[in-house]
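Let me begin by presenting the structure, written as structure tokens, before commenting on it.
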Amino acid sequence: MTDGEFVGKTVFITGAASGIGYAQAAAFLEHGASVFGFDLNEEGLRRLQEDCPERMVFRLGSVGSPDDVKQAVELAIATFGRIDILCNTAGILDGFAKTLETDEALWDRIMDTNVKGMYLTTNAVLPHMLRQGAGVLVNMASIAGLVGGGGGAAYTASKHAVIGYTKQVDLDYCREGIRANAIAPGAIETPMNAADFAGAGEMAAQVAEETPAGRWAQPDEVAKLTLYLAGRAADYIHGAVIPIDGGWIAK
Ligand code: NAI
């Protein structure tokens, strides 16, 4: 990443109130970008805004709601005039439910957030990027998008869909200045995995043991990869899936 390359850029981040999305927002703000955060949850967004009131704006809403997404993107454009980078980070886990334990409501909730939410947000932001002739998408997949065992049936299906969607969006628009890639994190210590750290943290210890690197990663490690993928140095990286998993899928 070149010094100052994000100054004057606007980044739209879904799921910015917590975990990886929060770390992405903080990292882009630290590097001089303006950030528009979109999430169901206000607390983390407020904290980011308090730290950087002049360059951080947010709106509450769901990525699964076309109206919420449309209004958020309109506000981002009205506020900053453009969106240079879209981080589709919002996502939810399915409690590792097998398919026979997955009722339709759970299936729909996971798909609406992880897949449809990404499609709705991308379709709201992309026309602005195409008008600019430039834009970068960083979509949050998972090791569950590449192998089984990283989630339940719905989550694993949703993250495989995220990877397919990312490749197709990149192929369809790469000649118009758009670049889309996906990140496939392994075990990242965020509120999503709070249950693993509950009590004596036996589950978290087991996950670390099963990870070749022998540890969990922190969300800022994923944020640093995001900045790399969003930056000029990654200009020839298209439709790729970059694991950040401590060696999990190499096993
Ligand atoms: P998190 O639970 O800490 O943060 C997720 C954020 O998304 C929350 O602020 C939540 O309010 C927001 N969100 C959920 N549903 C939403 C909706 N319908 N509309 C708007 N915002 C919504 O989780 P974490 O760990 O930061 O996860 C971020 C992304 O990274 C997710 O897509 C997740 O699947 C992915 N991921 C996480 C891994 C991990 O180990 N933490 C591993 C692999 C992928």
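Keep in mind that the numbers below use all heavy atoms, side chains included, and drop hydrogens, waters and symmetry copies. Residue indices begin at 1 and follow the sequence shown. Counting convention: from 1, in listed order, for ligands and their atoms alike.
- Between Asp51 and Arg47, none of the side-chain N atoms (NZ, or NE/NH1/NH2) sits under 4.0 Å from a carboxylate O, so this pair counts as no salt bridge.
- Atom OG1 of Thr121 is separated from atom CG of Asp68 by 10.0 Å, given to the nearest 0.5 angstrom.
- Ordered by chain and residue number, the residues placing a heavy atom less than 4.0 Å from ligand 1 are Gly15, Ala17, Ser18, Gly19, Ile20, Asp39, Leu40, Asn41, Gly61, Ser62, Val63, Thr89, Ala90, Gly91, Ile92, Thr113, Met140, Ala141, Ser142, Tyr155, Lys159, Pro185, Gly186, Ala187, Ile188, Thr190, Pro191, Met192, Asn193.
- Ile249 is not connected to Ile244 by any chain of hydrophobic side-chain contacts under 4.5 Å among Ile, Leu, Val, Met, Phe, Trp and Tyr, and they are in different clusters.
- For Asn88 and Thr122, the side-chain atoms include at least one donor-acceptor pair closer than 3.5 Å.
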*Derivation and outcome, side-chain contact (heavy atoms from CB on, under 4.5 Å), residues Leu227 and Phe6*: CA-CA 9 Å; Leu227 263 61; Phe6 294 117; 3.9 Å; yes
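- Partners of Glu189 according to the salt bridge (Lys or Arg N to Asp or Glu O under 4.0 Å) rule, which considers only residues two or more places apart in sequence or in another chain, do not exist here.
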